[in-house]
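Let me begin by presenting the structure, written as structure tokens, before commenting on it.
Numbers restart at 1 for each chain; the letters A, B, ... are given by sequence-line order, proteins then strands.
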Amino acid sequence: MSIRFFNTYSRALEEFQPRASASRKIDMYTCGPTVYSRAHIGNFRAYVFEDLLQRHLELRDYKVCRVMNVTDVDDKTIRGARAAKIPLAEFTAPFKQAFFEDIETLRIKRANEFPAATDRRYVDKMIAMIGTLVSRGLAYQADDKSVYYRINKFPGYGKLAHFDLTQLQSTGRVKNDEYDKEHVGDFALWKAWDEEDGDVKWDSPWGPGRPGWHIECSAMATAILGDQIDIHCGGVDNIFPHHEAEIAQTEGVTGKQFVRYWLHCAHLLVDGQKMSKSLGNFYTLPDLLERGYTGREIRYSLMRVHYRAPLNFTWEGMEEARQALARIDDWLERLHETVAGKIDPSKADKIDLQPGARFEEALDDDLNISAALGLLFESIRETNRALDRNELGAAAANAWLQWWERIDSVLVIQPEVASLPAAIAALAEARMQARLAKDWRKSDELRDELSARGWEARDTKDGQKVTRRAGA
RNA sequence: GGCGGGGUAGCCAAGUGGUAAGGUCGGGGUCUGCAAAACCUCUAUUCGCGGGUUCGAUUCCCGCCCCCGCCUCCA
């Protein structure tokens with residue numbers, strides 16, 4: 001069965017056919033963070049989705065080259081640097097670092113490249129592209145010295161967002177003080193320097209200034225990946241104007257189709273509402289870590305809803321994620337013990353219960369993660385039942401663990417192996433002695449003590465098991 | 001007003017023209033010194049509402065309602 005994705009451009013489910021079918025190489029560009037503050041969990045929902053996408057394509061033997069830009073110059077970063085009275089680069093550096101820490105916490109695979117908008121190489125490329133657009137009449141310098149894209153000259157403008165240009169209305173979200181533009185929809189390619197920008201400026205044929213936001217992605221994508229790429233991702237709010245502008249800029253320069261598949265991730269809501277600082281429902285990764293949730297628990301909770309459906313973030317949802325992961329952890333532990341022969345080495349496989357390919361087939365279908373996880377949990381119940389009945393032996397358990405390794409290359413929710421600290425091992429040993437002596441009171445006290453230290457003691461028919469408590 | 005996404009059990013959520021996966025929570029049971037885990041079992045005669053097509057619709061068509069987003073620099 002083929003891989004299918006919902007392409008924003010066509011608003012239809014399409015069979016995935018990358019350009020280089022023989023080499024199985026895929027070029028993927030994903031819009032990254034603007035480093036003016038710490039990224040919030042809504043941002044990370046998109047990045048986790050992109051990670052899932054990349055990892056699933058790799059599971060399907062594609063070689064993915066992914067680029068994620070870092071926007072380190074724009075109105076907000078400049079404003080922040082001015083407010084802090086420090087140079088722009090000094091202002092953005094800690095947010096860049098925080099971003100990389102956060103993606104590591106969420107087990108997001110690092111992109112091959114993280115180009116920065118202020119990199120001289122890319123600024124030059126942006127200036128070159130703008131020059132081409134101007135020479136072709138697709139852009140013009142206005143009286144305010146800024147250079148704008150002449151959207152009426154690009155026939156395809158509006159096709160991604162499915163907007164009719166005559167219907168564009170101002171929401172007043174952006175201050176509309178650009179009276180020099182020919183059309184309200186014309187967007188800035190090059191922003192002329194003004195006093196507010198301080199020393200943030202580059203020389204250009206149009207005078208000192210800085211690049212517009214949209215051109216940076218066009219320049220960095222084509223500089224690193226070439227004129228055409230297979231997949232471009234982002235949040236739904238990037239469809240317009242950002243990605244629409246990228247198409248106009250890039251295709252205006254190259255004359256070739258820029259992107260084959262546009263994939264956009266729906267928003268994350270918090271308690272049914274848009275996240276905002278004024279509502280007090282604005283969370284960053286450190287906020288959740290402080291509440292005791294782990295990176296993989298957050299990853300799971302951000303991943304478990306299909307990317308095109310809105311995801312409502314709640315603490316109840318975090319608890320659910322924790323419990324679901326604990327179920328997986330216990331299952332893995334059981335399989336490992338079965339493989340190691342700890343439970344009963346004489347056991348043979350009595351039933352034919354083998355993993356299948358349905359998990360990855362579910363992901364082939366526009367990353368249907370809910371269906372895929374449903375299959376995982378069904379498999380867990382079936383294998384647990386067989387283990388309960390002593391019908392599943394080491395060979396089958398091993399096959400299931402290998403299957404797990406395969407699907408976890410996409411999910412990446414494997415528990416960390418926590419070794420038993422000496423003090424915990426001593427408590428566990430003491431409790432085992434108490435149980436042998438049938439000193440239940442002491443045994444229960446020791447269990448409580450272990451629990452208080454974040455460890456859980458469970459008595460099985462094969463003896464006591466001590467594991468790290470969920471979330472601890 | 002234009003353009004999208006969504007409305008399935010307490011909560012999260014998959015899905016199909018033929019009668020509702022899975023997770024989580026809660027009740028009961030097996031096991032256990034007690035727990036835990038696991039397993040068994042119960043919890044939507046029903047899929048936002050109203051029509052239509054059909055032998056049959058949650059699934060297709062029409063109309064309506066609600067939520068969320070975008071409509072010029074927010075993932």
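For B/A21 and B/G15, the P atoms lie 14 Å apart once the distance is rounded to whole Å. Nucleotides B/C64 and B/A57 have their P atoms positioned 23 Å apart, rounded to a whole Å. B/G52 sits 30 Å from B/C68 when the C1' atoms are compared, rounded to a whole Å. Between B/G1 and B/C12, the two P atoms lie 28 Å apart (nearest whole Å). Distance check on atom C1': B/A44 versus B/U8 gives 8 Å, rounded to whole Å. Here the separation of B/A20 from B/C31, taken at their C1' atoms, is 32 Å to the nearest Å. B/C25 and B/C65 are spaced 39 Å apart, taking the P atom of each and rounding to whole Å. Rounded to whole Å, the P atom of B/C47 lies 9 Å from the corresponding atom of B/U59.
Distance, A/Gln464 CD to B/U32 P: 18 Å, rounded to whole Å. One interatomic measurement links the two molecules: CD of A/Glu382 to P of B/A38, which rounds to 16 Å at whole-angstrom precision. Between the P atom of B/G23 and the CG atom of A/Asn384 lies a distance of 11 Å, rounded to the nearest Å. Between the NZ atom of A/Lys465 and the P atom of B/C31 there is a distance of 19 Å, given to the nearest Å. Per the geometry, CD belonging to A/Glu244 stands 11 Å off C1' belonging to B/C71, to the nearest Å.
With B/A38, B/C74, B/U72 as the choices, the nucleotide that has an atom nearest any side-chain atom of A/Asp388 turns out to be B/A38. When distances run from any side-chain atom of A/Arg334 to the nucleotides B/A38, B/G33, B/C70, the shortest one goes to B/A38. Nearest to the side chain of A/Asp459, among B/C70, B/C40, B/C34, sits B/C34. Side chain of A/Arg385, nearest nucleotide from B/C39, B/A13, B/C34: B/C39. Considering only side-chain atoms of A/Arg458, the nucleotide from B/A35, B/A38, B/C71 that sits closest is B/A35. In the set B/G4, B/C74, B/G69, B/G69 carries the atom at the smallest distance from any side-chain atom of A/His267.
Taking the charged nitrogens against the carboxylate oxygens, A/Lys465 and A/Asp330 have no contact shorter than 4.0 Å, which rules out a salt bridge. Electrostatic pairing of A/Asp75 and A/Arg210 counts as a salt bridge here, judged by a charged N lying under 4.0 Å from a carboxylate O. A salt bridge is absent between A/Arg4 and A/Asp366: the closest approach of a Lys/Arg side-chain nitrogen to an acidic carboxylate oxygen does not fall below 4.0 angstrom.
Judged by distance alone with a 3.5 Å cut-off, a donor-acceptor contact links the side chain of A/Arg447 to the base of B/C34.
From A/Glu246, atom CD reaches atom NE2 of A/His214 across 9.0 Å, with rounding to the nearest 0.5 Å. To the nearest 0.5 Å, the span separating CZ on A/Arg358 from CG on A/Asp364 amounts to 13.5 Å.
Between A/Lys181 and B/U72, a side-chain N or O to OP1/OP2 separation shorter than 4.0 Å is absent.
Looking at heavy-atom distances under 4.0 Å, A/Asn368 makes contact with sugar-phosphate atoms alone, never a base. At a threshold of 4.0 angstrom between heavy atoms, the contacts of A/Arg304 are confined to the sugar-phosphate backbone, with no base atom among them. Within the nucleic acid shown, A/Arg308 comes within 4.0 Å of sugar-phosphate atoms alone, with no base atom in reach, counting heavy atoms only. A/Leu269 comes within 4.0 angstrom of sugar-phosphate atoms only, judged by non-hydrogen atoms across all strands, and of no base. A/Arg431 comes within 4.0 angstrom of a base, heavy atoms only. No engagement by A/Thr8 is indicated, since no non-hydrogen atom pair under 4.0 Å with the nucleic acid exists.
Ring to ring, A/Tyr47 and A/Phe99 are close: their centroids are under 6.0 angstrom apart.
Judged purely by atom type and a 3.5 angstrom limit, A/Arg45 uses its side chain to pair as donor or acceptor with the backbone of A/Ala266.
For the residue pair A/Asp102 and A/Thr105, no side-chain donor N or O sits within less than 3.5 Å of a side-chain acceptor on the partner. For the 3.5 Å distance criterion, the side chains of A/Trp190 and A/Gln141 fail to qualify, holding no donor opposite an acceptor. Using modelled atom types, one finds a donor on one side chain and an acceptor on the other under 3.5 Å when comparing A/Thr284 with A/Asp287.
Within a heavy-atom distance below 4.0 Å of RNA chain B, the residues of residues 36-44 of chain A found are A/His40, A/Gly42, A/Asn43.
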Protein and nucleotides 20-22 of chain B: nitrogen or oxygen contacts under 3.5 angstrom:
from  : atom 1 : to       : atom 2 : distance (Å)
B/A21 : O2'    : A/Glu378 : OE2    : 2.4
B/A21 : N1     : A/Ser370 : O      : 3.4
B/G22 : OP1    : A/Arg381 : NH2    : 3.0

Problem set entry | Sugar-phosphate or base contact per nucleotide [nucleotides 25-30 of chain B; S, B, -; heavy atom under 4.0 Å] | S-----
